[in-house]
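Note that these values count all heavy atoms, side chains included, but never hydrogens, waters or copies made by symmetry. Predicted model, so just to flag it, every value in this text is computed and none were measured. To find a chain, count down the sequence lines: A is the first, B the second, and so on, and within it residues start at 1.
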There are 2 protein chains.
Amino acid sequence: MDFDQADALNQAIRLLSLRHRARTATLLTPLGLHPGQEALLLELARTGPMIQAQLGEALGCEPPSVTLMTRKLEASGQIRRTPAPTDKRASIVELTDSGKALVEQVKQLWCDLAEETVTGLPAETVAELPGILTTLTGNVDTRRLRHPHGRRDGEQELPTRP
Amino acid sequence: MDFDQADALNQAIRLLSLRHRARTATLLTPLGLHPGQEALLLELARTGPMIQAQLGEALGCEPPSVTLMTRKLEASGQIRRTPAPTDKRASIVELTDSGKALVEQVKQLWCDLAEETVTGLPAETVAELPGILTTLTGNVDTRRLRHPHGRRDGEQELPTRP
DNA sequence: CAGACTTAGTTATGCGCATAAGGTTATCTG
DNA sequence: CAGATAACCTTATGCGCATAACTAAGTCTG
């Protein structure tokens with residue numbers, strides 16, 4: 001691939017990252033959230049209570065980041081962190097009632113943003129888009145390789161639904 | 001658009017941002033660069049010496065960010081900032097010889113990264129990809145709207161005359 | 001069972017990005 | 001030409017993300 005093509009692609013990805021994040025930020029501000037936090041709340045809504053390590057895995061970010069994000073969301077009352085009874089190292093993260101209510105607003109906003117984002121693209125392209133982006137992500141993902149065999153400590157202990 | 005589709009899209013964009021940036025970081029580290037700086041160097045290589053405000057416009061980031069980035073790249077010897085003779089407010093940014101040499105390495109790396117990124121995608125998709133991403137970016141770009149009439153101080157000094 | 005891993009989480013630090021606020025210089029206008 | 005306005009840049013501050021280095025707790029093995 002020649003430089004101009006490569007540059008066009010890399011720059012496009014970089015700019016999309018910046019702008020999508022900025023747009024997310026301005027939409028989330030009225031809800032009192034910063035970008036990144038909405039993903040945490042949505043993940044909790046999707047999967048239910050979970051350990052911080054699992055959250056980090058799902059969100060694709062590192063433990064120290066999870067520590068800070070959960071701390072701030074706890075301070076603002078959207079989530080609760082309780083010591084895990086079966087493992088004194090771990091803490092279980094779950095949505096509060098306030099958090100659950102907030103998630104509903106985030107979901108609405110998420111739909112609006114997606115629609116805004118794909119304006120003007122043919123429906124066919126829109127349909128393939130998530131798959132394409134996921135392929136790109138997989139191609140540059142160095143994260144999986146660092147945790148080669150997926151089994152983690154305590155992974156079986158929380159059955160998916162009590 | 002229903003929530004699942006919207007979520008798939010938004011999450012895909014968020015994860016691509018994270019991973020592409022992370023991959024960029026690990027590739028740039030051996031060159032002594034952090035992600036974001038490569039874009040600045042490439043822009044200087046493309047357009048030649050320019051004012052910080054123009055750099056910010058080209059890179060899509062705000063003046064304070066440009067100040068910090070240029071300061072660090074100046075400290076590491078890749079760029080030079082000299083007061084503009086015609087405008088005592090402005091400073092002209094340009095590549096040093098060391099910076100020019102570094103850009104060549106960045107270009108190579110940029111090609112490798114792009115090729116790695118699109119691995120496994122049909123050539124047709126790869127060809128349309130930059131355009132698609134640029135459309136997405138334009139759809140969520142709030143930046144242009146804030147500087148409604150594009151005219152900037154001194155913009156005419158480099159003749160844009162038709 | 002004792003020591004060697006491994007895993008969960010935290011603190012410290014640094015970068016890129018943002019917004020808000022301020023200083024200086026250039027330009028426009030009454 | 002003087003005052004208002006706008007443009008360039010900077011400092012201060014804050015968030016999300018990262019890595020490195022640490023503690024505490026669970027697990028595995030000799």
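Among the nucleotides dG16(D), dG16(C), dT7(C), the one closest to the side chain of R21(B) is dG16(C). Distances from the side chain of R89(A) to the nucleotides dA18(C), dA8(C), dC15(D) place dA8(C) closest. With dT11(C), dC17(C), dA12(D) as the candidates, the nucleotide lying closest to the side chain of L18(A) is dC17(C). Side-chain proximity of A90(B) to the nucleotides dC9(D), dT25(C), dG9(C) is greatest for dC9(D). Which of dC17(D), dT25(C), dC15(D) sits closest to the side chain of D87(B) comes down to dT25(C). Here the nucleotide nearest the side chain of H34(A), chosen from dC9(D), dG16(D), dC17(D), is dG16(D).
The existence of a salt bridge linking R71(B) and E74(B) is excluded, since no basic side-chain nitrogen approaches an acidic carboxylate oxygen closer than 4.0 Å. For the pair D7(A) and K107(B), the salt-bridge criterion is not met [side-chain N within less than 4.0 Å of a carboxylate O]. Using a 4.0 Å cut-off between charged nitrogen and carboxylate oxygen, E116(B) and R23(B) count as a salt-bridge pair.
Following rounding to the nearest Å, L28(A) (CG) and dA18(C) (P) show an atom-to-atom distance of 16 Å. Atom CD of E62(A) is separated from atom C1' of dA12(C) by 16 Å (rounded to the nearest Å). Between H20(A) atom NE2 and dA18(C) atom P there is a gap of 16 Å when expressed in whole angstrom units. The CG atom of L55(B) sits 16 Å away from the C1' atom of dC17(C) (whole-angstrom rounding). Atom CZ in R19(B) sits roughly 10 Å away from atom C1' in dC17(D) (whole-Å rounding). Taking atom CZ of residue R14(A) and atom C1' of nucleotide dC17(D), one finds them 16 Å apart after rounding to whole Å. Taking atom CD1 of I51(B) as the reference point, atom P of dT10(D) lies 11 Å away to the nearest angstrom. Taking atom CD of residue Q52(A) and atom P of nucleotide dG9(C), one finds them 5 Å apart after rounding to whole Å.
For Q37(B), no side-chain nitrogen or oxygen approaches OP1 or OP2 of dC15(C) to under 4.0 Å. The side chain of K72(B) contributes no N or O atom lying less than 4.0 Å from OP1 or OP2 of dG14(C). Considering only side-chain N and O atoms, S65(A) lies under 4.0 angstrom from the phosphate OP1 or OP2 of dA18(D). Between R71(B) and dG16(C) there is no side-chain N or O to OP1 or OP2 distance below 4.0 Å. Of the side-chain N and O atoms in R81(A), one or more sit less than 4.0 angstrom from OP1 or OP2 of dT10(C). At the phosphate of dT10(C), OP1 or OP2 sits under 4.0 Å from a side-chain N or O atom of T67(A). Between R23(B) and dA18(D) there is no side-chain polar atom (N or O) within less than 4.0 angstrom of OP1 or OP2.
DNA chain D is contacted by both S91(B) and K88(A); S91(B) maps to the nucleotide lying nearer its 5′ end (nearest heavy atom per residue).
Under a hydrophobic clustering in which Ile, Leu, Val, Met, Phe, Trp and Tyr are joined whenever their side-chain heavy atoms come within less than 4.5 Å, directly or via other members, M1(B) and V106(A) fall into different clusters. When the side chains of ILVMFWY residues are joined at heavy-atom separations under 4.5 Å, either directly or via intervening members, F3(A) and L109(B) end up in a single hydrophobic cluster.
G56(B) comes within 4.0 angstrom of nothing in the nucleic acid, heavy atoms only. Backbone-only engagement by P35(A) is indicated by non-hydrogen atom pairs under 4.0 Å involving sugar-phosphate atoms exclusively.
Checking each of L95(A), I92(A), V93(A) against P49(A) for a side chain to side chain contact (heavy atoms under 4.5 Å, CB included) leaves exactly one that passes, namely I92(A).
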